[in-house]
Structure formats: structure tokens, C-alpha cells
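Some notes on the structure that comes next.
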Amino acid sequence: MGFDEFIKEAAPLLDLQWRRFKRGGIKRKVERRITELGLSNFEDYLLKIKRDPEEKSCLSQILTVTITRFFRDKEVFDILENSIIPAILKNKKGKDEFKIWSVGCANGEEPYSLSILWREKFEKILLQIRLTILATDINESLLGRAREGRYKKSSLKEVPGEIFQRYFKIENGFYILDRSIRESVEFKKHDIIHGELFSGMDIIFCRNLAFTYFSKECQMNVLKKIARSLNEGGYLIIGKDESLPLVYPTLFVPIFPTEKIYQKFNPK
């Protein structure tokens with residue numbers, strides 16, 4: 001059994017689209033895992049994941065790890081700052097919470113960027129509003145790295161100079177994020193496919209994961225779960241190269257189509 005045949009059989013077991021994993025780098029990662037387990041070939045590994053739920057989860061993590069950066073896609077953060085967050089805040093009163101969920105947060109760059117944006121632009125003028133950022137991922141190892149807040153320079157190439165100076169310090173060749181920003185994000189292990197529902201969200205980021213890798217049926221289920229998690233008028237942001245499944249017009253309206261920003265549809 002070759003890699004292509006393996007991935008065609010294995011990916012559907014994980015609710016993933018096999019065509020997304022034909023890159024050489026993915027093949028090498030899977031081969032490395034087979035060697036770690038002391039197995040001989042792809043066929044043996046396929047039998048392993050069919051029988052072992054933990055290994056099935058491990059393969060899913062290998063296949064769906066994404067590369068993230070601080071303030072990735074500047075246009076999205078500009079729209080957040082100038083349009084979306086102010087629109088949400090208009091409807092907040094007193095000691096309301098402003099809740100954001102970062103799905104598939106990987107090393108934490110996305111939720112930390114959101115925390116920095118809030119600190120820089122909104123916190124001082126909106127002391128009565130409390131920001132809550134939930135960052136979830138299925139990979140506990142990535143969550144551990146995210147909590148540490150230690151990054152290589154490549155993760156910071158889109159960070160504005162003044163932000164860099166204010167919130168990062170160099171230590172043993174790594175860039176360490178300020179503790180106050182790290183403590184403002186709650187990291188939690190979570191499976192967006194099978195996990196619990198988190199409700200009352202104002203914004204949900206689900207970039208470069210579900211709508212890139214998941215099967216079409218699974219994408220629809222995730223999209224419905226996201227819609228239930230959002231408040232009325234809440235926003236969904238996906239990756240700039242992603243598309244929502246065809247069921248989305250009954251759930252979301254494109255607000256900024258180029259940046260792939262959608263608003264929860266209100267049928268009233």
C-alpha cells in the first residue's frame with residue numbers, strides 16, 4: 001500500500017478530505033510516526049488507526065497542524081478594529097462580556113493578537129466591558145506551547161514595530177510574549193467536531209482548519225455548531241482561501257466577502 005492509497009482510506013475515518021494531504025511534507029510526517037510505532041508500512045498503520053482511537057486522534061493532529069503568525073492577514077484585523085468590534089460594542093451595556101472564540105488556535109498567535117488589539121485600541125476607553133478570549137485546539141502539545149508564549153522570529157513578521165517593542169522580549173533566541181497578554185487568553189483542549197458547544201460568542205475565528213481539511217458533511221455540522229455558538233448578529237471569520245459549504249446562506253451572510261467575514265443570519 002502506497003501513501004496515496006493509505007490517505008484515501010484513512011482520511012474519511014477522520015472526517016477529513018484526503019485530497020488535502022498529497023503534499024510530500026505530510027507523507028514524511030506519517031512515515032516518521034510509523035517508524036516511532038515500530039510498524040512496517042502504511043497498511044499496518046491503517047489497521048492501527050482503525051483499532052486504536054488514541055492513534056486515530058494522533059493522526060488527525062499530524063494532518064491538520066497549521067502554521068500561524070501574529071496578525072496574520074492584516075486586512076482582517078483592520079476590519080475588526082474599525083468596523084466589527086465597534087459594531088458589536090454598540091449593543092453592549094454596563095458590565096457585559098465581549099466573547100471571542102479562536103478554533104484550532106495552534107500555537108496561540110491568533111488569540112494573542114486579538115488580546116493585543118483589544119489592549120491597544122479598546123480596553124482603556126471601555127473599562128466596563130470585559131473581553132473573554134477562548135482558544136481551543138485538539139492538540140495538547142500545541143496548547144502547551146501556546147501557554148508558554150515563546151515564539152520564533154518567523155511568527156512575528158507582521159507585528160507592527162511599536163507592538164513588538166511593547167509586548168515582546170528576547171530570551172535565549174526566542175521572543176517571549178508579555179505575561180499580561182498570555183494570562184488574558186483561556187486555552188482549552190477541544191474537538192470542534194465532537195466536543196461541547198460554547199455559547200454566547202460575539203466572534204468566532206475558524207481559519208484554515210474545518211473549511212480546508214474537513215469532509216463536506218463534517219463542514220456542515222461544524223458550521224451549524226458555530227451558528228448555535230454565536231450570539232444574534234455575531235461574526236464568523238474563516239481563512240482567506242476557504243469557502244463555506246453550500247448550506248451557509250441559511251446560517252450566515254457575507255459581510256466582507258474578500259476577507260471571508262460572515263455575520264450570523266437573522267431570518268426575522
Side-chain angles (χ1 to χ4, degrees), residues 1-69 72-73 102-110 135-146 151-155 157 189-195 205-226 237-248 260:
M1 173 182 281
F3 178 72
D4 284 357
E5 186 180 353
F6 164 79
I7 207 67
K8 284 180 184 179
E9 290 197 41
L13 299 175
L14 311 174
D15 295 314
L16 302 176
Q17 299 184 65
W18 66 268
R19 290 180 179 83
R20 296 291 183 179
F21 307 107
K22 296 190 71 175
R23 303 188 301 276
I26 294 293
K27 180 174 181 286
R28 287 190 293 274
K29 288 180 180 180
V30 174
E31 288 174 333
R32 189 157 53 242
R33 181 59 181 165
I34 290 172
T35 301
E36 290 172 356
L37 293 170
L39 301 176
S40 300
N41 49 48
F42 290 116
E43 190 171 7
D44 288 348
Y45 190 43
L46 183 62
L47 291 173
K48 173 75 172 174
I49 65 169
K50 286 180 176 179
R51 296 170 179 169
D52 186 343
E54 289 188 7
E55 190 57 39
K56 186 177 175 180
S57 177
C58 180
L59 177 60
S60 180
Q61 293 175 26
I62 290 171
L63 295 179
T64 58
V65 168
T66 57
I67 299 173
T68 59
R69 300 185 302 275
R72 181 176 183 176
D73 300 328
S102 172
V103 180
C105 66
N107 293 319
E109 290 95 328
E110 180 176 272
T136 63
D137 202 283
I138 196 173
N139 191 325
E140 187 64 66
S141 176
L142 290 178
L143 291 171
R145 290 186 214 166
Y151 296 96
K152 295 181 180 179
K153 191 172 183 179
S154 58
S155 294
K157 61 183 181 180
K189 184 175 181 179
H190 181 261
D191 179 349
I192 184 61
I193 299 175
H194 303 110
F205 278 75
C206 189
R207 299 199 289 177
N208 309 305
L209 176 65
F211 307 110
T212 294
Y213 297 119
F214 293 0
S215 68
K216 293 301 180 184
E217 181 181 0
C218 192
Q219 286 184 21
M220 288 190 286
N221 290 335
V222 168
L223 190 63
K224 291 173 184 177
K225 179 178 284 190
I226 287 173
I237 301 174
I238 66 174
K240 65 178 182 180
D241 297 320
E242 294 182 307
S243 298
L244 293 181
L246 293 178
V247 72
Y248 89 83
K260 301 299 177 73

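Only this structure's heavy atoms are used, side chains among them; waters, hydrogens and symmetry mates stay out.
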Apply the test side-chain contact (heavy atoms from CB on, under 4.5 Å) to residues Tyr213 and Leu63: give CA-CA distance (whole Å), side-chain angles for both, the deciding distance (0.1 Å), then the verdict. CA-CA 9 Å; Tyr213 297 119; Leu63 295 179; over 6 Å; no

Between Leu143 and Lys189, does a side-chain contact (heavy atoms from CB on, under 4.5 Å) hold up when you go through it step by step? CA-CA 7 Å; Leu143 291 171; Lys189 184 175 181 179; 3.8 Å; yes

Should Leu244 and Ile238 be marked as a side-chain contact (heavy atoms from CB on, under 4.5 Å) after you check the CA-CA gap, both sets of side-chain angles, and the distance that decides it? CA-CA 8 Å; Leu244 293 181; Ile238 66 174; 3.9 Å; yes

Give the intermediate values and the outcome of side-chain contact (heavy atoms from CB on, under 4.5 Å) for residues Lys225 and Ile192. CA-CA 9 Å; Lys225 179 178 284 190; Ile192 184 61; 4.1 Å; yes

Check the pair Lys260, Asp241 against salt bridge (Lys or Arg N to Asp or Glu O under 4.0 Å), reporting the backbone distance first and the verdict last. CA-CA 8 Å; Lys260 301 299 177 73; Asp241 297 320; over 6 Å; no

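Side-chain contact check for Glu9 versus Lys50: some heavy-atom pair is nearer than 4.5 Å. Taking 4.5 Å as the limit, every side-chain heavy atom of Phe211 sits out of range of all side-chain heavy atoms of Ser243. Side-chain contact between Asn221 and Phe214 is absent, with no heavy atoms from C-beta onward closer than 4.5 Å. Looking at Lys216 and Gln17, their side chains come closer than 4.5 Å, going by heavy atoms from C-beta outward. Side-chain atoms of Leu59 and Lys48, non-hydrogen and from C-beta on, never get closer than 4.5 Å to each other. Looking at Cys105 and Thr136, their side chains never come closer than 4.5 Å, going by heavy atoms from C-beta outward. Proximity of Asp15 to His194: side-chain heavy atoms (C-beta onward) are separated by under 4.5 Å at one or more points. For the pair Phe42/Glu31, a side-chain contact is recorded, criterion being any heavy-atom separation below 4.5 Å from C-beta on.
Atom OG of Ser215 sits about 7.5 Å away from atom CD1 of Ile193, to the nearest 0.5 Å. Note that CG of Leu16 and SG of Cys218 are 7.5 Å apart. Values are rounded to the nearest 0.5 Å. For the atom pair CG (Leu47) and CD (Glu55), the distance works out to 12.5 Å, reported to the nearest 0.5 Å. Interatomic distance, OH of Tyr45 versus CZ of Phe3, reported as 10.5 Å (0.5 Å rounding).
Side-chain contact check for Glu110 and Thr68: no donor-acceptor pair (N or O, by modelled atom type) lies under 3.5 Å.
Under the 3.5 Å distance criterion, the side-chain polar atoms of Glu242 are matched with a main-chain donor or acceptor of Asn208. Counting only distance, with no hydrogens or angles, the side chain of Ser155 and the backbone of Tyr151 share no donor-acceptor pair below 3.5 Å. With hydrogens and angles ignored, the 3.5 Å screen pairs no side-chain donor or acceptor of Asn107 with any backbone N or O of Glu109. Between the side chain of Glu43 and the main chain of Met1, no donor-acceptor pair closer than 3.5 Å is present.
Across all non-hydrogen atoms, the minimal contact from Ile26 to Ile62 is CD1-O, 4.3 Å. In plain terms, the two heavy atoms of Ala10 and Ile49 that are nearest each other are CB-CD1, 3.7 Å. Contact detail for Ile7 and Pro12: the closest heavy-atom pair is O-CD, 4.1 Å. Residues Ile237 and Arg207 come closest through the heavy atom pair O-CG, 3.6 Å. Taking each heavy atom of Ala106 and Asp137 in turn, the nearest pair found is N-OD2, 2.9 Å.
Residues Arg33 and Glu36 are paired through a salt bridge, judged by an N-O separation under 4.0 Å between the basic side chain and the carboxylate.
Few gaps surround CD on Glu140; more than 12 heavy atoms of other groups in view lie less than 6.0 Å from it.
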